[in-house]
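All values below come from the heavy atoms of this structure, side chains included, with hydrogens, waters and symmetry mates left out.
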Amino acid sequence: MTQTSTIASTREEFAARLYGLRGRYWDTHPFHLRLHSGGCTPPELRRWVANRWYYQLCLTRKNAAIIANCPLPEIRREWTRRLGQQDGPQEGEGGLADWLVLAEAVGLDRAEVLDERHVARGVRFAVDGYLHFCQTRPWTEGVAAALTEMFSPDHMAERVIAWQKHYDWIDPAGYAYFEHRIPDARRDSARTLDVVLDHCVTAEQQRAAVSALAFKCEVLRAMLDAVDYGPETAATVEAAEALVPAGAGR
């Protein structure tokens with residue numbers, strides 16, 4: 001039986017442990033491989049965008065939860081900037097507004113994205129679980145879970161190139177989200193890593209941080225499982241119920 005070490009890793013060792021989770025990021029998921037190779041149909045691509053909207057909605061609330069759980073004013077002040085990045089300084093700006101432009105660029109109606117009719121129950125469950133994690137776990141674990149930012153900029157840059165090559169029917173205006181987010185993610189990920197390395201200094205804190213990042217990777221991959229499988233959404237359930245004769249099964 002292996003005993004859990006009580007000796008903390010050095011800063012360099014700890015960073016390497018976090019980077020070591022790179023292989024668990026969702027860019028190796030079969031759906032993303034298909035998405036980037038041009039193997040997705042327009043409905044599949046739209047399904048990904050519509051479901052990812054629900055994750056986008058979660059980000060401001062999870063960052064607000066980290067702020068609420070953090071006792072350090074300097075971290076709270078710094079993290080507050082992320083709320084504005086997503087919600088925007090005013091209506092029609094920020095990450096959420098850019099994502100709605102992307103949705104329209106791939107052929108989705110804004111109203112059907114906003115009412116979440118295409119959100120798969122597996123995606124909803126995974127995203128809600130991530131939000132609950134950040135609301136109930138120590139703030140350092142919520143920050144560590146956000147370290148998937150370390151892996152995302154290159155993946156997003158590859159996505160833009162792949163989509164322009166394989167899906168030329170997408171309105172170029174939709175790429176604004178990635179153009180704005182990629183430089184932000186590069187900057188934010190470096191700072192997020194510093195915060196985790198600075199504040200997770202015991203062996204227990206470091207283990208919890210690694211586990212938090214592993215959990216976030218599983219959340220992202222679970223979302224893709226649900227999108228790839230194409231499970232029932234509110235819209236498909238309503239359509240199926242409409243076909244059931246009145247009184248059937250009662």
Nearest 0.5 Å, what's the CZ-CH2 distance between F151 and W26? 13.5 Å
Between F133 and A145, what is the shortest heavy-atom contact and its length? CE2-CB, 4.3 Å
With a 4.5 Å cut-off on side-chain heavy atoms, are T140 and Q205 touching? no
Taking NZ, NE, NH1 and NH2 as the nitrogens, is one of them in R221 or D228 under 4.0 Å from a carboxylate oxygen of the other? no
Quick one: do the T192 and R82 side chains pair a donor with an acceptor below 3.5 Å? yes
Transitively linked via ILVMFWY side-chain contacts under 4.5 Å: L131 with F125? no
Just do the side-chain contact (heavy atoms from CB on, under 4.5 Å) check on L220 and L224 with the steps written out, would you? CA-CA 7 Å; L220 296 177; L224 285 185; over 6 Å; no
Check L213 against T148 and note the closest heavy-atom contact, atom names and distance. CD1-N, 3.5 Å
Same apolar cluster (I L V M F W Y, side chains within < 4.5 Å links), V143/Y19: yes
Taking R61 first and then D87, would you say they form a salt bridge - that is, a charged N and a carboxylate O separated by under 4.0 Å? no
What pair of heavy atoms forms the shortest contact from E13 to S9, and how long is it? OE1-CA, 3.5 Å
Look up atom CD1 in I170 and atom CG in L45, then write down how far apart they are to the nearest 0.5 Å. 5.0 Å
Does L33 share a hydrophobic cluster with Y229, counting links as ILVMFWY side-chain heavy atoms below 4.5 Å and allowing steps through other members? no
May I ask you to check whether over 12 heavy atoms, not counting those of E78, lie within 6.0 Å of atom CD? yes
Return yes if some donor-acceptor pair links the side-chain N/O of E141 with the main-chain N/O of P138 below 3.5 Å, else return no. no
Is R181 salt-bridged to E149, cutoff N-O under 4.0 Å? yes
For residues Y177 and V101, determine if any side-chain heavy atom of one lies less than 4.5 Å from a side-chain heavy atom of the other. no
Using the six-membered ring wherever Trp is involved, compare the ring planes of W139 and H199 and label them parallel, tilted or perpendicular (cut-offs 30° and 60°). perpendicular
So which of R22, H32, H36, H155 actually passes side-chain hydrogen bond (donor to acceptor under 3.5 Å, both in side chains) with D27? R22
Please determine whether residues Y130 and L57 belong to a single hydrophobic cluster, defined as Ile, Leu, Val, Met, Phe, Trp and Tyr linked transitively by side-chain heavy-atom distances below 4.5 Å. yes
Check the pair R186 / D154 against side-chain contact (heavy atoms from CB on, under 4.5 Å), numbers first and verdict last. CA-CA 9 Å; R186 292 193 192 281; D154 290 343; 3.1 Å; yes
Salt-bridged, D188 to R81, with N to O below 4.0 Å? yes
NE2 on H118 to CZ on R47, rounded to 0.5 Å: 11.0 Å
Taking Y167 for the side chain and L35 for the main chain, is one N or O donor matched with an acceptor at less than 3.5 Å? yes
Keeping the roles fixed (side chain from Q86, backbone from Q56), state whether a donor-acceptor pair exists under 3.5 Å. yes
Would you find a donor on one side and an acceptor on the other, under 3.5 Å apart, between the side chain of N69 and the backbone of C134? yes
Is a donor on one side and an acceptor on the other found under 3.5 Å between the side chain of R76 and the backbone of C70? yes
Common cluster, V196/M150, ILVMFWY with side-chain heavy-atom separation under 4.5 Å: yes
Flag the pair F31 / D225 as yes when at least one side-chain heavy-atom distance between them is below 4.5 Å, and no otherwise. no
Any non-hydrogen side-chain atom of I66 less than 4.5 Å from a side-chain atom of I75? no
R137 side chain vs G142 backbone, donor-acceptor pair below 3.5 Å: no
Output the distance between atom CG (D98) and atom CD (E93), rounded to the nearest 0.5 Å. 9.5 Å
For W53 and L96, which heavy atoms make the closest approach, and how far apart are they? CZ3-O, 3.5 Å
Can you tell which of V49, N51, V119 makes a side-chain contact (heavy atoms from CB on, under 4.5 Å) with V227? N51
Taking all heavy atoms of A120 and all of A226, pick out the closest pair and write down the distance. CB-CB, 4.2 Å
Here the gap from W163 atom CH2 to C40 atom SG, rounded to the nearest 0.5 Å, amounts to 9.0 Å
Show, in sequence, the C-alpha distance, side-chain angles and deciding distance for R11 and D194, and conclude whether the side-chain contact (heavy atoms from CB on, under 4.5 Å) test is met. CA-CA 10 Å; R11 188 180 182 90; D194 281 340; 3.5 Å; yes
What's the shortest heavy-atom distance between A8 and V201, and which atoms? CB-O, 3.2 Å
Within the supplied structure, the quantity of interest is the number of heavy atoms (other residues, nucleotides, ligands) at a distance under 6.0 Å from E91 CD; does it exceed 12? no
Calculate, to the nearest 0.5 Å, the distance between atoms CE and CH2 belonging to M223 and W48 respectively. 8.5 Å
